[in-house]
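Single-structure report; data block below.
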Amino acid sequence: METETMIEIRHAALVTNNDRDEVVRDATIQVKDGKIAYAGPGKDAPEFSAERVIDAHGNIVMPGFANMHTHVPMNLFRSYADDLDLMTWLNTRIFPAEDKLTKESAYWASMAAMCELAAAGVVAFNEMYFFVDSIARAARESGLRGVLSRAVVTPAPGVGERMLAESKELFEKYNGQGRLKVFLSPHAQYTVNNGMLEQIAQMAEELGTGVHMHVSETRGEHETCMKEQGMTPIELCRKTGLLGVPFYAAHCVWVSEHDMELMAEFGATVLSCPKSNLKLASGIAPLEKMMRKGVRVTLGTDGAASNNKLSMWEEMTYASFLQKGTTYDPKAMPAAQTLKLATRYGAEALGLDSGIVEAGKDADLVMIDTAGIRYTPDYDDVSLLVYAGSDADVCMTMVGGDVIYEDGKFAFADIGEVKAKLAEYAEIMKKI
Ligand SMILES: N[C@@H](CCSC[C@H]1O[C@@H](n2cnc3c(=O)[nH]cnc32)[C@H](O)[C@@H]1O)C(=O)O
Ligand SMILES: [Zn+2]
């Protein structure tokens, strides 16, 4: 990867994403050693001996997205199984296809996802899957920040223990290496027994790491858990100790008032995937209510087989509009708050030092090309981004000061090769 240590971006419209939601016109952003050295009015910028100057000529610079729930190798399964509910989708189509995955195919599918994420302005992703070595390899090559986790399931005695041991090895191998971190991951309440949930909570406590889990995704999950365990999945997470460690709960569509209070009390993070929840007909998560109760809410896409795009732009639109539409309150999830859910709140939840564009932060930035007709006229840049923006507008993605994507080109991948590999592996899936 070609890297310059000192880059200066001039004449940008800077969406800082700070507490005051400041937008700075004709801004200069100076990047040195992976960090933002200066971000503010161009006229006040200090002298800077840049190795590269980017003339942003009015383009928007904003913090990159944190995609908080992904299964990146599932890029191989896009359009493979549509129009099914979660359980039918998993049991009849996805699990059999996953049996045919290999280290190599999982790597190339992850590479495809890295390209899709980088080109759409994502700087960090929070991942749950298996073939974690393949994912780590793709993530490292891409330069994206990745929080990886090995999903644990307990279909038969001994299986979960083996997967948990593997999770610990992965933690030792990758956590804190470069831009990678490692969490633990019970797949879901309906695939993991209570004893294993307790073991995972204990190990997370010992390792000092987080836990990423699918929680209360469907009505069936909620009802079965109530019937069999006499409590909700979130209440079970408290009972087994999972809420006592940094806890990252994907979906949370079927949550009770008490669940929301528990999540607020324990500081859990909700990873909402509004599009995936709609496509699998799981429902709509009550984000507005959760936020009013003090729960930290962030956004993710889920995998390419249930979305079917890894677009944080679309998640922002769906998240905001669904809350407005279901609460009958147009003030619900306004643009600036929605942008924070998709960027800063995720970065903060993952312990990253980005999500705001200001001096001292890591330079995890994206540049938005404002030449398109949708950016004219320009009354409000944040509104334009959230309500009118899209993947295609991203013209540059920078992580830790490294430009990993620019004007259709990837610093880390030959897109033709990635596409050819996926086409080849798809032939195997077609035979199932
Ligand atoms: N069965 C694997 C471990 C599971 S990886 C994570 C799993 O989550 C599945 N998955 C993807 N999206 C969702 C979702 O929205 N809800 C529940 N599971 C999902 C995905 O297909 C994958 O099987 C093994 O043998 O090691
Ligand atoms: Zn998922």
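This is a predicted model, so every value here is computed, not measured. Order of listing sets the numbers, starting from 1, for every ligand and every atom in it.
Within the 4.0 Å heavy-atom cutoff, Phe77 does not count among the residues contacting ligand 1.
Counting heavy atoms from C-beta on, the side chains of Asn308 and Asp82 come closer than 4.5 Å.
Looking at Asp83 and Lys279, no side-chain N of the basic residue comes within less than 4.0 Å of a carboxylate O on the acidic one, giving no salt bridge. The residues Glu169 and Lys173 are annotated as not salt-bridged, no charged nitrogen and carboxylate oxygen being separated by less than 4.0 angstrom. Using a 4.0 Å cut-off between a side-chain N of Lys or Arg and a carboxylate O of Asp or Glu, Asp302 and Lys275 do not qualify as a salt bridge. In this structure, Glu235 does not pair ionically with Arg238, as no charged nitrogen and carboxylate oxygen lie closer than 4.0 Å. Salt bridge annotation for Asp362-Arg145: present, with a cationic side-chain nitrogen under 4.0 angstrom from a carboxylate oxygen.
Of all atoms in ligand 1, listed by their number and element, those nearer than 4.0 Å to a heavy atom of Phe95 are 23 (O). Within ligand 1, the atoms closer than 4.0 Å to a non-hydrogen atom of Met74 are 11 (C), 20 (C), 21 (O), numbered from 1 in the order shown. Of all atoms in ligand 1, listed by their number and element, those nearer than 4.0 Å to a heavy atom of Ile94 are 21 (O). Taking every non-hydrogen atom of Glu217 and a distance limit under 4.0 Å, the qualifying atoms of ligand 1 come out as 14 (C), 15 (O), 16 (N), 17 (C). Residue Met163 approaches ligand 1 through these ligand atoms, each under 4.0 Å from one of its heavy atoms: 24 (C), 25 (O), 26 (O).
Nearest N/O/S atom of His214 relative to the Zn ion (ligand 2): this is NE2. Between the Zn ion (ligand 2) and the N, O or S atoms of Asp302, the shortest distance is to OD1.
Closest to atom 1 (N) of ligand 1 among all protein heavy atoms lies Val153 CG2, 4.4 Å. Counting only heavy atoms of the protein, atom 17 (C) of ligand 1 lies nearest to Tyr190 OH, 3.3 Å. Scanning the protein for heavy atoms near atom 24 (C) of ligand 1, the closest one is Phe130 CD1, 3.6 Å. In terms of protein heavy atoms, atom 19 (C) of ligand 1 is closest to His214 CE1, 3.5 Å.
In terms of polar-atom proximity, Trp89 is not counted as a contact of ligand 1, lacking any N or O under 3.5 Å from an N or O of the ligand.
Because the distance cut-off is set at 2.8 Å, His251 fails to qualify as a neighbour of the Zn ion (ligand 2), as none of its N, O or S atoms comes that close. The Zn ion (ligand 2) has no N, O or S atom of Cys273 closer than 2.8 Å.
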- Task: Start with the C-alpha distance between Phe247 and Phe266, add both sets of side-chain angles, then the distance that settles ring pair (Phe, Tyr, Trp, His ring centres under 6.0 Å), and finish with yes or no.
- Result: CA-CA 9 Å; Phe247 189 63; Phe266 285 88; 9.9 Å; no
- List the steps and the verdict of side-chain hydrogen bond (donor to acceptor under 3.5 Å, both in side chains) for Asn277 and Ser282. CA-CA 5 Å; Asn277 297 154; Ser282 304; 4.7 Å; no
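Nearest residue to atom 9 (C) of ligand 1 from Arg150, His187, Glu127 is His187 (criterion: closest heavy atom). For atom 6 (C) of ligand 1, the candidate residues are Ser306, Ser282, Ala151; the nearest heavy-atom contact is made by Ala151. Selection from His69, His71, Met87, Glu98 by nearest heavy atom to atom 22 (C) of ligand 1 gives Glu98.
Between His69 and His212, the ring-plane angle classifies as perpendicular under the 30° and 60° cut-offs.
By the criterion of a heavy-atom distance under 4.0 Å, neither the backbone nor the side chain of Phe131 is placed next to ligand 1. Counting heavy atoms under 4.0 Å from ligand 1, residue Val152 does not touch it at all.
A ring pair (Phe, Tyr, Trp, His ring centres under 6.0 Å) with Tyr387 holds for exactly one of Tyr375, Tyr318, Phe321; it is Phe321. Residue Asp364 forms a side chain to side chain contact (heavy atoms under 4.5 Å, CB included) with just one option from Val399, Asp353, Val357, Ile36, and that option is Val399. No option in Glu314, Glu315, Glu116 other than Glu314 meets the side chain to side chain donor-acceptor pair (under 3.5 Å) test with Lys309.
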